[in-house]
Amino acid sequence: MAENEFNQVQKKLYRLYSEIEHHNYRYHVLDDPEISDADFDQLMRELEELEKNYPDLQDLSSPTRRVGSKPLSAFTTVEHKIPMLGLDNAFSAEELFEFDRRICRLLQVEVIEYFCELKIDGLAVSLQYERGVLVKGSTRGDGYTGEDVTLNLRTIRQIPLKLPEPLTIEVRGEVFISSDDFEALNLTRELEALPLFANPRNAAAGSLRQLDPQLTARRPLKIFIYGLGENDLQLETQETILKYLDQKRFPVNTNRLRCNGIDEVWSFCSRLQKDRSLLPYAIDGVVIKVNVLEQQKELGYTARSPRWAIAYKYPPEEKETRVLDIQVNVGRTGAITPVAILDPIDLSGTKVQRASLHNEDLVRNKGIMIGDLVLVRKAGEIIPEVLKVIETKRSGREKPFTMPKNCPSCGSETVRLFGEAARRCLNPSCPAQLVEKIVHFASRAAMDIEGLGPAAAELLFQNRLVNDIADLYYLESEALSALPRMADKSAANLLSAIDKSKNNPLRRLLFGFGIRHVGEKASRLLAEQYGSLDFLSRATVEELQKIEEIGPKIAETVVLFFNKPETELLIDKFRKAGVNFTEPEKEITKSAPLGGKTFVFSGGLENYTREQATAMIEERGGKIVNSVSRKTDYLILGSEPGSKLSRALTLGIAIIDEKKLQNMLADI
Ligand code: IVH
């Protein structure tokens, strides 16, 4: 290429880069575009064309290269030269004023100048620029090392790939998803039968940690920059740092304020607490920083956090809204749950329009009627909860709620069993229960069948393709593809996800059965103890109870479940479909002398207490369990052995007496 031509193309490229970067900034950071989308697209096309003709001249920071093409196999780690520390929290005005008194005392001044910023609820990242070019982006990780998520951060259009000046600087900020974008994201996920995100923070974290940058690019991530990492700037206050970052075209939140003294800080916190629901993103508090950097330096850090800053945390947001209706939902165990249908409100960044009312007693105790104005908040920041009725605002036209006498799904009579809070539908083939059972079976903690959410389960059931959970393994691709709203590709994906689930360990299958009281943990314990479904299905209540942490309630329901004729049929169907019934051996420390060996005591010992013997066995890597199973290695025979001995004999397990045990322990 002639030198002249080279120079001209180069110049044109750089002009386009900065022009596009400028419009990108106007649009994504200032939210104030100067040109139309069509004109912007035209500029991008012009650049693409030019780059296609002169591929060698393309630069890494070109706006056409925001989204990388190849997925990573894993993230590499990045060390933070200046640690990314957390903040101490203040949960009340007293704690905040206490913080101020401490600072005043340490600095020996009467009034401190503070700088207040919003605490956006997302995740912290660091961005490193070298001579004006973004070279590395990382997550906070444990504060000292994070993950290299450069390719993903590049997809966030608010982040400049190139700065207006060739600065070498590290900046830090918070990546988040706005409330509206979060709603829209979850809506599309629901339509695609993907698991929903619980809150915007989880959604942002999940999106940033995708190995494939193309996926991250499709998520509506945003960022606010709130500070500096490594830098050689000579700035004097937090206020000037943010002004500086603003000038360098970083997205900096405008809700910020310099405050003279803690009283002004407190009024900023109170004002924003009132206005927080008007913000387009979720905040969980206000970050208060000592403004003058010289004073920050004097105060220094503890191991976990700076002494010069604190996060004032807001209590969970509460709002009033109206109960439009109370409907009932039939769960997989037949429990009928009243659900309040609410006039939609935004709470901590998510839209709330339903709240479980748990059972009829709760509705009565709280006195909730249809049409009531109620106070709602999110328990644990996730689950919406009706706190109380605003009785003073009643009009008299509110309608009381009564639990239906018949199941809203199958019409059978509902009953409330003695000692239970829930009213139940006892019909085992109730459609609503079956759909819920399928959804539970396919859920992430159970068989983890991707693409089988409520919508797909309903579709399969309505079209009579499944009548129980085992039928999933007999689905055929023709029948599936023939369903409305089921493309060939989704049918194929679903079938392969179902097929893959056949190899899951027993504990997932057990949890997927949805046996009452048997959660994830109990499923794991049972699977590990028995090793196979066939052994477990023959266990007695007494045996099961001997497993540590398995109480009589679980033991009884498990035995009841396996004794039901339907269960036998179900298990048979699973077996014929080739579903795995066994639990893989746990990773065990085979190097220890008794590594991985399992012992059961039966009856008392003469020379040791059980505790002493247990300690000696465990020291050598062995494990004591309460009941004999196929996986037991030794039964330690004491006085009055009882039923464990006969079971050990049946299973052909090695039986040792106290003397043998002593020898064994002495040998090693
Ligand atoms: S400053 C050493 N400013 O809060 C001071 N943090 O618990 C470090 N955060 O990991 C943080 N908004 O993810 C600071 N305006 C803000 C913030 C903010 C949100 C997050 C950040 C940090 C966590 C500290």
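Here the structure is a predicted model, which is why all the values come from computation and not from measurement. Counting starts at 1 for both ligands and their atoms, in listed order. We're numbering straight along the sequence, starting at 1.
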- Query: Among I225, I159, L153, which one satisfies side-chain contact (heavy atoms from CB on, under 4.5 Å) with V125?
  - Reply: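 Among I225, I159, L153, the one meeting side-chain contact (heavy atoms from CB on, under 4.5 Å) with V125 is L153.
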Could you identify the single nearest non-hydrogen protein atom to [atom] and state the distance to 0.1 Å?
atom	answer
atom 15 (N) of ligand 1	E117 OE1, 2.8 Å
atom 8 (C) of ligand 1	L85 O, 3.8 Å
atom 3 (N) of ligand 1	K289 NZ, 3.1 Å
atom 11 (C) of ligand 1	Y226 CE1, 3.9 Å
atom 2 (C) of ligand 1	P306 CG, 3.5 Å
atom 10 (O) of ligand 1	R140 NH1, 2.9 Å

- Query: How does N253 reach ligand 1, if at all, at less than 4.0 Å between non-hydrogen atoms: by side chain, backbone, both, or neither?
  - Reply: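 Neither part.
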- Heavy-atom distances under 4.0 Å are what count here, so tell me which part of K119 touches ligand 1: side chain, backbone, both or neither.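 The part of K119 near ligand 1 is both the backbone and the side chain.
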- Query: Salt-bridged, D59 to R65, with N to O below 4.0 Å?
  - Reply: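 Answer for the salt bridge query: no.
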- Side-chain ion pair, K521 and E549, N-O less than 4.0 Å: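 Salt bridge present between K521 and E549.
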- Task: Measure from atom 7 (O) of ligand 1 to every heavy atom in L87, D284, V252 and give the option owning the shortest one.
- Result: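 The residue whose heavy atom sits nearest atom 7 (O) of ligand 1 is L87.
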- Message: So if I count the atoms of ligand 1 from 1 in the order they appear, which ones are less than 4.0 Å from some heavy atom of I120?
- Response: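 Atoms satisfying the 4.0 Å criterion: 12 (N), 19 (C).
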- Message: Using a 4.0 Å cut-off to any heavy atom of L118, which atoms of ligand 1 qualify?
- Response: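 Answer, ordered by atom number: 12 (N), 15 (N).
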Indicate yes or no for a side-chain donor-acceptor contact from [X] to the backbone of [Y] under 3.5 Å, with no hydrogens or angles considered.
X	Y	answer
R507	E520	no
T150	G137	yes
D121	D284	no
N24	R157	yes

- Could you go step by step and tell me if W266 and D100 meet the side chain to side chain contact (heavy atoms under 4.5 Å, CB included) rule? CA-CA 11 Å; W266 179 243; D100 177 59; over 6 Å; no
- Give a yes/no on ligand 1: does N89 have at least one heavy atom closer than 4.0 angstrom to it?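 N89: no contact with ligand 1 (<4.0 Å).
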- Task: Classify the ring geometry between F250 and Y129 as parallel (under 30°), tilted (30 to 60°) or perpendicular (over 60°).
- Result: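 The arrangement is perpendicular - the two ring planes meet at more than 60°.
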- ligand 1 to E174 polar contact by distance, N or O atoms, under 3.5 Å: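 There is such a contact, yes.
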